[in-house]
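These notes concern the structure reproduced below.
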Amino acid sequence: MDTIITRFPPSPTGYLHIGGARTALFNWLYARHNGGKFILRIEDTDAARSTKESVDAIFDALQWLGIDYDEGPYYQSQRYDIYRAHVDQLIASGNAYYCTCSAQRIEEMRQAAKARGENPRYDGTCREKGLPASPDAVVRFKTPGAGNTILEDVIRGNIVFSNAEIDDFIIRRSDGSPMYNLAVVVDDITMGINTIIRGDDHISNTPRQILLYRALGASVPVFGHVPMVLGDDRARLSKRHGAMSVTAYRDMGYYPDALLNYLVRLGWSHGDQEFFTKEELVEKFSLKNVGKSAGVFNPEKLLALNARHIHNAPEEKLAVHLLPFLSEKGIDAREDEYLYRVIATLKARSKTFVEMADGAEFYYFAPKSYDEKGVKKFLQPENIKALEKLAGALREQEAFDEKSLEPVFQKIMEETGLGFGKIAQPLRLALVGKAVSPGIFEMIAVLGKDETISRIDQCIAAMSGKTGISA
RNA sequence: GGCCCCAUCGUCUAGCGGUUAGGACGCCGGCCUCUCACGCCGGUAACACGGGUUCGAGUCCCGUUGGGGUCACCA
């Protein structure tokens with residue numbers, strides 16, 4: 001087979017949503033898996049609804065997801081000459097004709113058909129008139145009217161459509177701009193696209209497009225219609241289903257690879273495997289294992305998968321995504337060894353980067369207050385005494401790695417007769433200000449000797465009322 | 001309504017004629033434990049229905065029901 005060439009053709013009428021991202025992903029994965037090409041094309045022939053902001057939002061989202069393209073972005077609005085030429089070709093070859101039926105007349109026709117319980121369709125009034133071009137004329141495609149058109153879908157098998165169901169649809173508006181079906185087909189032909197993977201909501205369009213391919217003398221590409229993503233009410237995804245834009249997930253602290261992983265598993269499977277890195281996806285993806293039934297978007301499973309990706313990703317990769325959330329909290333962190341060590345202690349306990357940033361705060365700022373409940377429970381006079389002892393011992397301690405720290409605590413436990421928890425919790429309060437944090441040893445190892453001791457001292461001072469800091 | 005697609009736990013799915021119907025999320029127990037998590041162990045829960053075909057159907061065929069999509073000078 002020739003080089004696989006796929007494409008993602010969003011129409012810029014809003015943000016890139018979950019469903020669109022999934023379509024892009026399938027095409028991207030298929031191209032990457034097969035060493036093919038992936039093309040981005042902006043379908044902005046609807047001048048009224050297309051916006052520059054939407055175009056930028058789409059680029060932004062794709063970039064964050066790590067879905068890159070080999071060609072484009074092409075803009076349909078800049079290719080009108082090409083469409084015009086193809087429509088003219090269709091007219092010349094007798095496959096299309098001008099039609100001057102008014103929109104009003106068509107509408108009346110539709111109403112009448114509906115009233116009679118029939119299917120609304122163009123009646124072919126202008127079909128054989130041989131009308132010349134005129135300012136208010138549209139161009140219609142001349143449909144066979146009889147016989148069948150078969151869609152050979154790689155995912156669903158053969159789907160047969162009766163040509164009698166397909167009326168002479170408009171391919172060029174009266175203002176000269178191309179209609180969707182014409183533009184996609186011309187683009188896909190001229191861009192060499194040979195594999196079209198898209199949502200199954202496009203199935204009913206396909207026979208029209210196949211007819212167009214033939215009339216244009218082009219070979220029909222491979223089609224694969226993937227099942228759609230539904231909301232929890234089993235209806236088509238929309239705003240009322242909650243956060244549906246890709247960038248919303250970025251802002252909520254999701255890891256792009258996790259979103260990708262979730263989206264692809266919604267409709268595709270590889271045995272029992274649930275967790276895939278992006279590389280694994282490229283390696284294992286195939287159209288053969290794409291299912292046929294629509295799937296319900298489940299935010300909880302996405303969250304769980306996000307947690308797993310965060311747990312498993314190397315610190316360096318996580319750092320890039322965490323940084324924006326840190327700076328949002330006024331933390332001037334940079335990508336360095338310290339950050340990596342911070343992340344190492346946090347990644348098992350963070351489901352999102354928002355959580356991770358929250359958890360990282362104390363590594364950069366000493367506590368400004370101490371959790372009230374925690375103080376009552378763990379910072380009583382006897383605890384302070386233990387903290388003082390501990391601070392003393394730590395001052396003597398040279399090595400500050402986890403392993404070397406343990407014996408120090410052992411010794412304090414023996415001297416005071418306190419259990420580990422009785423020492424760890426007060427210390428945790430002193431270092432973090434809260435009763436929740438990573439493990440004591442790993443935390444101290446990251447904070448370092450000076451900071452650790454200074455925070456203990458600060459806490460002791462606060463508890464004895466010597467500073468402004470209090471519970 | 002016409003046309004088209006789909007149908008295994010609540011959800012995502014494995015299954016490709018013979019299985020105690022498997023995994024994941026969620027939920028419920030338990031273990032681990034310096035807090036919170038992670039992790040681990042166990043439990044809950046499904047083949048929409050009716051006909052065929054077959055020695056034998058979740059698996060193949062037909063129908064019913066249910067859900068979805070689509071019927072524009074939108075994409």
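Throughout, a chain's letter reflects where its sequence line sits, starting with A, and its residues are numbered from 1.
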Tell me if the aromatic rings of Y262(A) and F297(A) count as close, with their centers under 6.0 Å from one another.
yes
Pick base, sugar-phosphate or nothing for R156(A), based on heavy-atom distances below 4.0 Å to the nucleic acid.
sugar-phosphate
What nucleotide among [options] has an atom nearest to a side-chain atom of [X]?
X: S293(A); options: rA7(B), rC73(B), rG26(B); result: rA7(B)
X: D200(A); options: rC5(B), rC73(B), rC3(B); result: rC5(B)
X: R265(A); options: rU13(B), rA72(B), rG26(B); result: rU13(B)
X: Q425(A); options: rC3(B), rC34(B), rC25(B); result: rC34(B)
X: R349(A); options: rC25(B), rU35(B), rC5(B); result: rU35(B)
X: N298(A); options: rC25(B), rC5(B), rG2(B); result: rC25(B)
X: I203(A); options: rC12(B), rC73(B), rC5(B); result: rC5(B)
X: R49(A); options: rA75(B), rC12(B), rC34(B); result: rA75(B)

Partner of rA57(B) by Watson-Crick or G-U wobble geometry, both contacts under 3.5 Å, or none?
none
Between P120(A) and V160(A), just flag the one whose closest nucleotide in RNA chain B comes earlier from the 5' side.
V160(A)
Which whole number of Å gives the distance between the [atom1] atom of [N] and that of [M]?
N: rU59(B); M: rG18(B); atom1: C1'; result: 11 Å
N: rA75(B); M: rC38(B); atom1: P; result: 48 Å
N: rA7(B); M: rC62(B); atom1: P; result: 13 Å
N: rG43(B); M: rG26(B); atom1: C1'; result: 14 Å

State whether S204(A) places a side-chain N or O below 4.0 Å from either non-bridging phosphate oxygen (OP1 or OP2) of rG69(B).
no
Verify the contact: side-chain N or O of R234(A) to OP1 or OP2 of rG69(B), cut-off strictly under 4.0 Å; return yes or no.
no
Take atom [atom1] of [X] and atom [atom2] of [N], then tell me their distance rounded to the nearest Å.
X: N205(A); N: rC3(B); atom1: CG; atom2: C1'; answer: 13 Å
X: L263(A); N: rU13(B); atom1: CG; atom2: P; answer: 12 Å
X: D232(A); N: rG68(B); atom1: CG; atom2: P; answer: 13 Å
X: I18(A); N: rC12(B); atom1: CD1; atom2: P; answer: 16 Å

Donor-acceptor pair, H309(A) side chain versus F276(A) backbone, under 3.5 Å?
yes
Quick one: do R121(A) and T143(A) satisfy side chain to side chain donor-acceptor pair (under 3.5 Å)? Show the steps, please.
CA-CA 12 Å; R121(A) 59 201 311 281; T143(A) 268; over 6 Å; no
Verdict with reasoning, F169(A) to F141(A), per ring pair (Phe, Tyr, Trp, His ring centres under 6.0 Å)
CA-CA 6 Å; F169(A) 56 98; F141(A) 180 63; 5.5 Å; yes
Hey, what's the ring geometry for F420(A) with F441(A), parallel, tilted or perpendicular (30° and 60° as the breaks)?
tilted
